Amino acid sequence: MTAPTAVIPAQAAPRLADYTVIDVRTAGEYAAGHIPGAHNIPLDHVRTALPTLKAAAARGDLLIVCASGSRSATACQELAAAGVPAATLTGGTTAWAEQGHALHHPDGATAVWAMERQVRLAAGSLVVLGLAAGTRYRPARWLSAAIGAGLVFSAASNTCGMAAVLAKLPHNRPHPADLDATLTALQQKEQ
């Protein structure tokens with residue numbers, strides 16, 4: 001499969017009003033700060049939102065964003081497989097903010113750690129736990145080895161099983177009403 005079209009923040013910023021921006025981070029990450037006007041459809045809900053995204057793409061360009069560009073590239077590939085053209089924001093919201101562009105912070109939203117930070121905490125904790133438990137029960141050290149092997153596989157394949165599991169935690173999940181409201185807002189843009 002070909003790589004999705006990539007847009008850097010300097011290219012996207014002046015055209016922001018021309019894009020329908022879809023943020024594929026978790027609901028918690030989105031609430032912690034997102035590109036103004038972005039709609040939150042977490043990566044694991046892209047298939048559910050496919051008809052609405054197809055209609056949005058028919059009206060104009062889709063720009064898919066995440067924290068670093070990895071999840072948005074995955075979403076773009078999934079959309080391309082369904083015949084929906086979309087571009088990914090290179091470097092994601094991290095690069096967007098680093099280059100001085102504003103992020104919208106909703107009132108009353110609670111900040112949640114970025115998924116990469118959640119993965120580092122979980123992986124590090126499990127490695128330490130495996131090593132500590134291994135001092136009493138030798139086979140427990142295999143936990144540390146398994147986490148290390150998973151991290152190597154994650155880097156080599158540019159996927160992350162641990163992130164997929166952590167995305168299922170309540171603080172990372174959108175409420176069904178939030179996803180429904182996002183899809184309704186995208187549908188109303190066409191009228």
Side-chain angles (χ1 to χ4, degrees), residues 4-50 52-76 78-79 84-121 160 163 166-191:
T5 302
V7 177
I8 61 172
Q11 293 169 316
R15 292 195 54 219
L16 196 57
D18 299 335
Y19 287 114
T20 297
V21 182
I22 306 297
D23 191 322
V24 296
R25 296 177 300 157
T26 66
E29 290 175 292
Y30 174 83
H34 56 271
I35 292 175
H39 300 276
N40 184 223
I41 301 176
L43 182 58
D44 58 342
H45 291 278
V46 167
R47 285 181 203 246
T48 303
L50 200 52
T52 303
L53 291 171
K54 191 174 275 195
R59 292 188 310 274
D61 294 335
L62 291 183
L63 180 63
I64 312 298
V65 301
C66 66
S68 66
S70 179
R71 285 178 280 176
S72 61
T74 300
C76 284
E78 193 172 318
L79 290 169
V84 180
T88 181
L89 183 67
T90 303
T93 55
T94 302
W96 179 267
E98 285 174 352
Q99 293 181 20
H101 303 292
L103 290 177
H104 175 71
H105 300 276
D107 293 333
T110 56
V112 173
W113 285 358
M115 186 56 66
E116 290 84 2
R117 188 174 182 190
Q118 292 181 48
V119 167
R120 289 193 307 263
L121 175 67
C160 188
L166 291 172
K168 306 252 185 248
L169 293 175
H171 65 275
N172 285 324
R173 305 283 303 163
H175 301 352
D178 294 342
L179 184 59
D180 291 342
T182 298
L183 297 178
T184 299
L186 281 171
Q187 289 166 348
Q188 289 175 346
K189 275 185 108 172
E190 63 188 79
Q191 296 160 352

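In this text, all values refer to a predicted model and were calculated from it rather than measured experimentally. All heavy atoms count here, side chains included; hydrogens, waters and symmetry mates do not.
A distance of 12.5 Å separates OG of Ser72 from CG of Leu62, quoted to the nearest 0.5 Å. In this structure, the separation between NZ on Lys168 and OG1 on Thr26 is 12.0 Å, given to the nearest 0.5 Å.
With His39 contributing its side chain and Val21 its backbone, the two residues share no donor-acceptor pair below 3.5 Å.
Taking 4.5 Å as the limit, some side-chain heavy atom of Val46 sits within range of a side-chain heavy atom of Leu53. Considering only heavy atoms from C-beta on, Ile41 comes within 4.5 Å of Leu186 through its side chain. Using a 4.5 Å heavy-atom cutoff, the side chains of Thr74 and Thr88 are not in contact. With a 4.5 Å cut-off on side-chain heavy atoms, Leu89 and Pro9 count as touching. In this structure, the side chains of Gln99 and Ile8 stay at 4.5 Å or more apart for every pair of heavy atoms. Counting heavy atoms from C-beta outward, Arg25 and Thr93 have side chains that approach closer than 4.5 Å. Looking only at side-chain heavy atoms (C-beta outward), Leu43 and Cys66 stay at 4.5 Å or farther from each other.
Heavy atoms only, all atoms of each residue included: Ala67 and Glu116 are closest at CB-OE1, 3.9 Å. Of all heavy-atom pairs between Leu79 and Leu50, the closest is CD2-CD1, 3.5 Å. Between Pro85 and Ala57 the shortest heavy-atom distance is O-CB, 4.0 Å. Closest approach of Leu16 to Pro36, counting heavy atoms only: CD2-O, 3.9 Å. Shown here for Ala27 and Pro42, the closest heavy-atom pair between the two residues is N-CG, 4.3 Å.
Under the 30°/60° scheme for interplanar angles, the aromatic rings of Trp96 and His101 are found to be tilted.
Applying side chain to side chain donor-acceptor pair (under 3.5 Å) to Glu29 and the options His34, Arg71, Gln118, Arg117 leaves one that passes, Arg71.
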Full working for side chain to side chain contact (heavy atoms under 4.5 Å, CB included) between Arg15 and Asp61: CA-CA 10 Å; Arg15 292 195 54 219; Asp61 294 335; 2.9 Å; yes
